[in-house]
Trainee: 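Can you read through this structure? Questions will come right after.
What you are looking at is a predicted structure, and each value in this text was computed from that prediction instead of being measured. Reckoned from all heavy atoms, side chains included, excluding hydrogens, waters and symmetry mates.
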Amino acid sequence: MPANVPTYASLFADHARRLSQTHLRTLIADPARGARLRHRAGPLLLDLGRQKLDVPALDALGAQLESSGWQAARDAMFAGAPINTSEGRAVLHTALRAGGSAMPSPAPAEAQREIEATLARIGELVDAVHDGRQEALGLPGTVTDIVNIGIGGSDLGPRLAVAALAPFRTPKVRSHFLTNVDGQAAFDLINRLDPKTTLVVMVSKTFTTQETLLNGNVLRGWISEACNGDERAVARHFLAVSANTEVAGSWGVPLKQIFPMWDYVGGRYSLWSAVGLSLALAVGMEGFRAVLAGGARMDDHFRSAPWQENLPVLLALVEIWNRDVLGHPTRAVVPYADLLGDLPSYLQQLEMESLGKSVTPQGVPVGQPTVPVVWGSVGTNAQHAYFQALHQGTEVVPLDLIGIVNPAHPLHGNHDALLSNLLAQAAALALGKTAEEALAESPDGGHELAAQRTFPGDRPSSVILLDALTPESLGALIALYEHKVFLLGHLWGINAFDQWGVELGKSIARQILPALRGEQSDVPPLDAATCALIAAIHERRS
């Protein structure tokens, strides 16, 4: 960043200094401030009242946002402008769900036709499998299990959604996900399933992903053995979702069983596409379209609500405040719902792969911190693992606390306890406990014990409450974070839709593999440290 361009830390330094003198205890006591920081969009309520900022600081952030031209950037994305500049591509994941929008989609008509045609094909397949008519599509006579093979965006979105929507899943098929190249997972899976009734969905945009092909070959060999080597019979067990139809076909998936991926949809934004095929097979086409509709309604909100009430915008502004102004390097995501256990991993990829950049599209250093490290796990388990450090440790870690108002089960006593823990942690992190309060609780312990039982508080969190965990609300939640990521990319001046950082390690792995296998290779020599470890592995291998 040029020296004369101010950073967010310098732009809002006066607000940060002023607020450093005011504890969250005081800020929370202002009901007018609370109203400004609490807003709803459909089934989602966002409460930012425990963030370490006040209305003047929020308005200053909003003024900076307004001067950035964010609406024009937003509209360019929805319209299909090539905002992924490093690859010259449009970014049209919103078009994938536009059929559920109340606002007309500005996406190119051709793209909309392709999307609807693919949704129709997915619906035909899903209905056939659920109705027991899959043989008409050339699939196995009986399908009891669906195995999704993919990694990154080809796994995390469908995996999250299938787990989150467990109460909506059909009992007709079971869902499984195979992602890591570690052979233990594939070995365990093929020892649990029946190859004759298993349908495999291979998901890879290029159909060259190492992990996906290795696992696919394992399952193809397993199914081939059960089919006595009959390749036509084996092919009936495989579907593919890929942009590389030719390679997928040559691998062994019949053309009529290949579903498209498009250059205008990045992997981590692809759940809404045929990448969601495993989800559609799990919850039915009506459920899948409901997920799309939930995302579309959040799109409408993002396109129409003023920034002061716009949930993705407010989340993005709070991230700028915490990351760049207050300097917090991490953010924890803690869903108080076991069904959302995969959400932290999903958001790690969505946010850190999208925003893990240090230069602009013009090749200029950004000049200020970008994405925080995203991490977390399910509450209340998290409370008994790392919340000690969050409450009394030396680092301040902002949190996203996510809860469900109405559970999908009848155990309301359990659920009330779960929600009470979420609300209690948000309150405790913000309010803390003074030394005087600690001493009054245990006067016999003296000041030494009181100091250990003091909580500084003043630790920020956002609370997101879903009315219920349904296909619609899950779609809205995912789209909420997607739009937050888009806006942060805009405000930081980085391309949120490429991922060059993923490539270097993969290319080096391709060089190392022949050496591990003891094969000759014409690639450049490996570095000394890597060669030493390869030698150690060879020495200890049985």
Side-chain angles (χ1 to χ4, degrees), residues 1-24 26-27 30 32-33 36-37 39 46 48-74 76-77 83 302 305-331 351-352 354-374 395-400 458-462 481 483-496:
M1 176 175 288
N4 61 341
V5 176
T7 64
Y8 293 123
S10 61
L11 281 171
F12 305 113
D14 290 343
H15 291 285
R17 278 191 293 269
R18 173 174 51 76
L19 284 164
S20 69
Q21 306 302 312
T22 306
H23 197 281
L24 268 172
T26 302
L27 294 173
D30 179 358
R33 171 187 172 275
R36 276 293 306 274
L37 293 171
H39 295 281
L46 173 64
L48 301 172
R50 294 174 185 82
Q51 290 292 340
K52 179 76 173 179
L53 79 171
D54 58 9
V55 172
L58 178 63
D59 285 340
L61 288 163
Q64 180 66 24
L65 170 76
E66 291 285 80
S67 70
S68 74
W70 72 279
Q71 296 100 329
R74 173 200 63 198
M77 176 181 70
I83 64 171
F302 184 50
W307 76 261
Q308 294 90 340
E309 302 169 9
N310 196 307
L311 270 60
V313 172
L314 292 170
L315 269 184
L317 293 180
V318 163
E319 191 91 305
I320 292 288
W321 179 258
N322 284 330
R323 183 71 181 104
D324 292 314
V325 182
L326 302 186
H328 301 315
T330 80
R331 189 182 91 255
E351 299 191 30
M352 296 176 71
S354 297
L355 300 169
K357 318 287 172 61
S358 57
V359 297
T360 70
Q362 295 75 38
V364 178
V366 174
Q368 58 190 338
T370 57
V371 68
V373 173
V374 179
E395 294 293 328
V396 173
V397 178
L399 294 95
D400 289 356
D458 214 28
R459 303 199 168 196
S461 64
S462 301
Y481 278 101
H483 292 319
K484 170 199 164 183
V485 166
F486 160 77
L487 194 55
L488 285 170
H490 170 71
L491 291 171
W492 280 323
I494 55 181
N495 182 356

Trainee: Flag the pair Arg323 / Leu488 as yes when at least one side-chain heavy-atom distance between them is below 4.5 Å, and no otherwise.
Mentor: no
Trainee: Would you find a donor on one side and an acceptor on the other, under 3.5 Å apart, between the side chain of Thr370 and the backbone of Lys357?
Mentor: yes
Trainee: Check whether any side-chain N or O of Asp400 sits under 3.5 Å from a backbone N or O of Ser462 as a donor-acceptor pair, and report yes or no.
Mentor: no
Trainee: Taking the side chain as every heavy atom from C-beta outward, state whether Pro460 and Asn322 have any pair of such atoms under 4.5 Å apart.
Mentor: yes
Trainee: Which heavy atom of Val485 sits nearest a heavy atom of Ser354, and at what distance?
Mentor: CG1-CB, 3.5 Å
Trainee: Do Met77 and His483 make a side-chain contact, defined as non-hydrogen atoms from C-beta onward lying under 4.5 Å apart?
Mentor: yes
Trainee: Hey, is the main chain of Leu61 close enough, under 3.5 Å, to the side chain of His15 for a donor-acceptor pair?
Mentor: no
Trainee: Is a side-chain N or O of Asn310 found less than 3.5 angstrom from the main chain of Ala305, in a donor-acceptor match?
Mentor: yes
Trainee: Do you know the tightest heavy-atom contact between Gly493 and Pro361?
Mentor: O-CD, 3.2 Å
Trainee: Under 3.5 Å, is there a donor-acceptor pair between the side chain of Asp324 and the main chain of Ala9?
Mentor: no
Trainee: Under 4.5 Å between any side-chain heavy atoms of Leu315 and Leu487, yes or no?
Mentor: no
Trainee: For the residue pair Phe302 and Trp70, categorise the inter-ring angle as parallel (less than 30°), tilted (30 to 60°) or perpendicular (more than 60°).
Mentor: tilted
Trainee: Could you tell me whether a side-chain N or O of Tyr8 sits under 3.5 Å from a main-chain N or O of Gln368, the two making a donor and an acceptor?
Mentor: no
Trainee: Test: salt bridge (charged side-chain N to carboxylate O under 4.0 Å, His left out). Region: residues 55-74. Which pairs qualify, not counting sequence neighbours?
Mentor: Arg36-Asp59
Trainee: Rounded to the nearest 0.5 Å, what separates atom CG in Leu326 from atom CG in Leu53?
Mentor: 8.5 Å
Trainee: So how far is it from Trp307 CH2 to Leu58 CG, rounded to the nearest 0.5 Å?
Mentor: 4.0 Å
Trainee: Does Lys52 reach the main-chain N or O of Thr22 with its side chain, forming a donor-acceptor pair under 3.5 Å?
Mentor: yes
